[in-house]
Amino acid sequence: MKTIIEPFRIKTTEPIKLRTRDERAEALKAAMNNVFLLDAEDCSIDLLTDSGTGAMSTRQWAAMMMGDESYAGSRSWKTFEKTVREITGIKHVLPTHQGRAAEAILAATLLRKGDIVPNNSHFDTTRANIEFQGAIALNLLCADGLDTEKEAHFKGNMDIDKLKTCLEEHGSEKIPFCMVTVTNNTGGGQPVSMENIRQIKQVVSAYDIPLVIDACRFAENAYFIHENEPGYGDKSLLEIAREMFSYGDAATMSCKKDGMSNIGGFLICNDDKWAEQFRNLLILREGFPTYGGLAGRDLEAIAIGLMEALEYDYQVYRHATVTYLYDRLIELGVPVVRPAGGHAVFLDAGKFLPHVPSDQYPGIGIVNSLYIEGGVRGVEIGSVMFAQKDENGDEIPSPLELVRLAFPRRVYTQSHFDYLIEIITEAWQHREQIPGYRITYQPEFLRHFTCHFEEI
Ligand code: F0G
């Protein structure tokens with residue numbers, strides 16, 4: 001059978017508001033040209049993020065009714081802990097309210113000023129949590145990962161030679177842990193191969209440096225390994241995930257992604273001393289270690305969601321939705337990051353708008369134009385989000401200027417994507433009229449969420 005269908009049917013619906021073009025232009029103006037500041041009701045197709053925006057299954061909703069809301073030692077906690085251990089094999093499990101809370105505890109416990117944390121690519125909250133401790137978040141993505149046009153299977157891989165050089169230079173004194181992010185969200189949602197994870201572990205082990213996996217999209221990564229890495233075609237996604245985690249000494253997780261839930265996260269580790277330190281901070285910041293900022297019903301929904309994300313038919317369907325949009329954009333000649341990522345299609349804004357330089361944020365031009373054209377909300381992943389500062393305080397642009405169209409899990413159907421293709425086609429045909437933007441207000445950290453833009 002050629003047609004891949006959604007492996008579910010729809011039981012509950014949520015209306016989408018359809019605004020006029022003038023209403024959208026007005027809304028964007030009121031949001032200071034930053035789509036993060038729009039009311040969600042003013043967006044028809046919301047592809048801002050795949051985080052916490054998914055639809056839960058009937059099993060998850062039913063499990064929520066079974067939530068045990070006891071403060072300590074609840075039954076829901078036991079279910080959660082057992083599931084996380086079953087998938088990861090990691091000893092200590094600490095629930096958190098979302099991924100960045102796990103990152104904050106990890107960073108605050110282990111990092112000192114001047115420390116270095118290598119990663120294939122740090123996500124923005126990971127970077128911000130590391131930098132907040134005065135440490136340095138270092139990206140060591142392989143060269144293929146920076147080439148948006150190259151067709152290769154595992155463009156999220158870390159550059160092992162760069163990692164070796166970094167360790168030779170700084171050693172374990174300066175590097176309390178190394179990270180690897182699966183899949184590599186900021187670099188196009190590209191996967192990391194098992195071989196690469198294994199090599200990273202081998203290299204850091206020689207220096208006694210622990211490896212921490214940013215596991216947000218672990219199930220999507222497992223699917224890519226199953227499809228494209230020799231030796232894994234016969235293994236279940238659960239077996240692949242287990243092997244991935246076997247190379248980790250710890251992991252941070254946002255259950256808002258491959259936990260298929262609207263909230264939640266965890267921090268896990270094997271080391272008893274780390275666990276004790278993490279737990280102390282967890283109690284201070286998140287809550288008692290058997291709920292960690294979550295309701296018992298959330299723990300139930302996540303326990304089921306983590307396993308549903310590992311169902312093969314679900315991943316086949318999920319990947320088919322991403323490639324459906326991706327293939328049509330390729331046919332149209334729209335510049336996109338190749339190949340299709342796990343959770344999103346990434347437009348190459350630099351190539352889409354060659355007349356808009358990095359310091360005029362081409363990604364913002366495209367994001368705002370897709371919103372005005374069709375009420376589609378995407379997100380810039382480029383210099384607004386990731387520019388660094390040189391010693392004079394001038395901006396060093398991000399190596400890639402991208403626009404991410406992230407797919408909420410089990411939410412939109414094929415006709416939503418057909419509509420989206422029409423809107424992108426419209427923007428592509430009128431690309432020469434799309435302007436650049438300047439920033440008129442920005443906060444110190446994570447500026448993309450709240451900064452204001454003005455059209456140039
Ligand atoms: N790590 C990665 C790779 C992520 O993509 C995210 C979140 C986090 C950590 C933090 O998790 O949101 O639960 O605190 N990414 C979302 C996104 C926000 O839109 O890509 P969180």
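Whatever order the structure lists them in is the order used to number ligands and atoms, beginning at 1.
Distance from atom 10 (C) of ligand 1 to its nearest protein heavy atom, with residue and atom name: Thr125 OG1, 3.4 Å. What sits closest to atom 1 (N) of ligand 1 on the protein, heavy atoms only, is Asp214 OD2, 2.7 Å. The protein heavy atom nearest to atom 21 (P) of ligand 1 is Gln98 NE2, 3.3 Å. Among protein heavy atoms, the minimum distance from atom 8 (C) of ligand 1 is reached at Phe123 CD2, 3.5 Å.
Phe8 and Tyr314 have their aromatic ring centers separated by at least 6.0 angstrom. Between Tyr71 and Phe288, the distance separating the two ring centers is shorter than 6.0 angstrom.
Of the listed options Lys257, Glu103, Arg100, Glu103 places a heavy atom closest to atom 9 (C) of ligand 1. Nearest residue to atom 13 (O) of ligand 1 from Ser254, Ser51, Ala215 is Ser254 (criterion: closest heavy atom).
Considering both main-chain and side-chain atoms, Cys216 never comes within under 3.5 Å of ligand 1 through any nitrogen or oxygen pair. Inclusion of Thr49 in the set of residues having an N or O under 3.5 Å from an N or O of ligand 1 is warranted.
Using a 4.0 Å cut-off between heavy atoms, Arg404 contacts ligand 1 through its side chain alone, with no backbone atom that close.
The aromatic rings of Tyr312 and His226 lie tilted to each other, with the angle between the two planes from 30° to 60°.
Heavy atoms of other residues, nucleotides or ligands lying less than 6.0 angstrom from CD of Glu276 number 12 at most.
Close approach of ligand 1 to Lys256 (heavy-atom distance below 4.0 Å) involves ligand atoms 13 (O).
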